[in-house]
There are 2 protein chains.
Amino acid sequence: MNIGDIAKATGISAKMIRYYEETGLIRPATRALSGYRVYSDNDLQTLRFVRRARDLGFTVKQIDDLLTLWRDRTRASASVKEIALGHVAALAKKMQELKEMSDTLLHLASHCHGDTRPDCPILTTLGSTEAVAALPRTRNRSKTRAFDRVR
Amino acid sequence: MNIGDIAKATGISAKMIRYYEETGLIRPATRALSGYRVYSDNDLQTLRFVRRARDLGFTVKQIDDLLTLWRDRTRASASVKEIALGHVAALAKKMQELKEMSDTLLHLASHCHGDTRPDCPILTTLGSTEAVAALPRTRNRSKTRAFDRVR
DNA sequence: GCTTGACCTTCCAACGATGGGAAGGCGCAG
DNA sequence: CTGCGCCTTCCCATCGTTGGAAGGTCAAGC
């Protein structure tokens, strides 16, 4: 199988498959005489694993860890469960953060007429000199980053 | 006020303040003879606005829009409300996605002993050749990107 | 006046995961 | 042989943010 076939079969773009290989997440594919990457059913299985883990929101680093555990037939299931539950906790935390943002916005919006009049408490609150109690205080600013934003 | 003072006062790093200036989110600061950026109370207020909007998870582009509306005293409050509620909807969608991931993981983890035995349904499910019904099928794969992952 | 250290400046690179595109090679059907 | 679709590598862009290097400025202490 060529990279395009694998891409279709897994739903991962050829670009990403090459990237995963380059960064060491997956083993370099064997090459045909032409230089084309050739994939086995085993590779297909691995990439499906990657795809599913990716869909569950794991980072590549975490997927790397999971793959290692997957390949290690002697590992304890506790190790796997630990990673999974750690991820669940991270997801919960993130949801909580999003919920706080949402609640604050809904609160502000509920006081906004939403008509043609210019005054709007959303903006005046954001712009006020005073610290606003209603605003979530993201203490760990350093950990809430660009890619955490919702677009 | 120098950039360091403003950074402390707003909680935005000096680096980011320069970046915001470079990308046009905020007006270029006036300069002292030394070349140092000098900030007014007005700038402070603007940056506080940025900081709060950022804490609410708005992207820089959205903050730009909000700033424009903020500065425009004749704008309709409906425009602001629309942006805010649009963001609320995006937050809800993201939370839903995270919840699906979390539910799936919890389901898988509940069937894992979590002891020293090696067999673990989390891994076998991820690695199985069969498509797994329990796994969320992220149809809009193209829209779930790297920065959407939770770390 | 000179040194020291804390600040400031610009520039360049990296992160993570992904997409886009160029320039060129390969495979197969007509 | 030509054409088309696939493959290859390489570089660039995204988004928000941090880090560092190399150098200029300022204020305090000696």
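The sequence lines fix the lettering, A, B, ..., with proteins before strands; numbering per chain opens at 1. Note that these values count all heavy atoms, side chains included, but never hydrogens, waters or copies made by symmetry.
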Between K94(A) and E97(A), does at least one N-O distance fall below 4.0 Å, as a salt bridge requires?
-> yes
Please determine, by modelled atom types, if S40(A) and D43(A) share a side-chain donor-acceptor pair under 3.5 angstrom.
-> yes
Indicate the atoms forming the closest heavy-atom contact of E21(A) with Y39(A), along with that distance.
-> OE1-OH, 4.0 Å
Y20(B) OH to dC15(D) P, straight-line distance once rounded to whole Å | 13 Å
R31(B) side chain near dT10(C) phosphate (N/O to OP1/OP2, under 4.0 Å) = yes
Could you check how far CG of N2(A) sits from P of dC28(C), rounded to whole Å?
-> 10 Å
How many Å lie between CG on D5(B) and P on dC8(C), as a whole number?
-> 7 Å
Compare side-chain N and O positions of Y36(B) against OP1 and OP2 of dG24(D) and report whether any pair is under 4.0 Å apart.
-> no
Whole Å only: how far is the CG atom of L47(A) from the P atom of dA17(C)?
-> 15 Å
Phosphate oxygens OP1/OP2 of dT10(C): is one of them under 4.0 Å from a side-chain N or O of R37(B)?
-> yes
Are D115(B) and R117(B) ion-paired here, with the side-chain N under 4.0 Å from a carboxylate O?
-> yes
Counting only side-chain N and O atoms of T59(A), is one of them less than 4.0 Å from OP1 or OP2 of dG16(C)?
-> no
OP1, OP2 of dT18(C) versus side-chain N and O of R54(A): anything below 4.0 Å?
-> yes
Verify the cluster assignment for I6(B) and V38(B): are they in a single hydrophobic cluster under the rule of side-chain heavy atoms below 4.5 Å apart?
-> no
Interatomic distance where CE belongs to M16(B) and P belongs to dT10(C) [whole Å] | 15 Å
Picking from dT17(D), dG27(C), dT18(C), the nucleotide nearest the side-chain atoms of S34(A) would be dG27(C)
Taking NZ from K15(B) and P from dC8(C), how many angstroms apart are they, rounded to a whole number?
-> 12 Å
S13(B) side chain N/O closer than 4.0 Å to the phosphate oxygens (OP1, OP2) of dT17(D)?
-> no
Please report, rounded to the nearest Å, how far the P atom of dC15(D) is from the CG atom of D64(B).
-> 12 Å
Roughly how many Å is it from CG in L33(A) to P in dC28(C), rounded to a whole number?
-> 12 Å
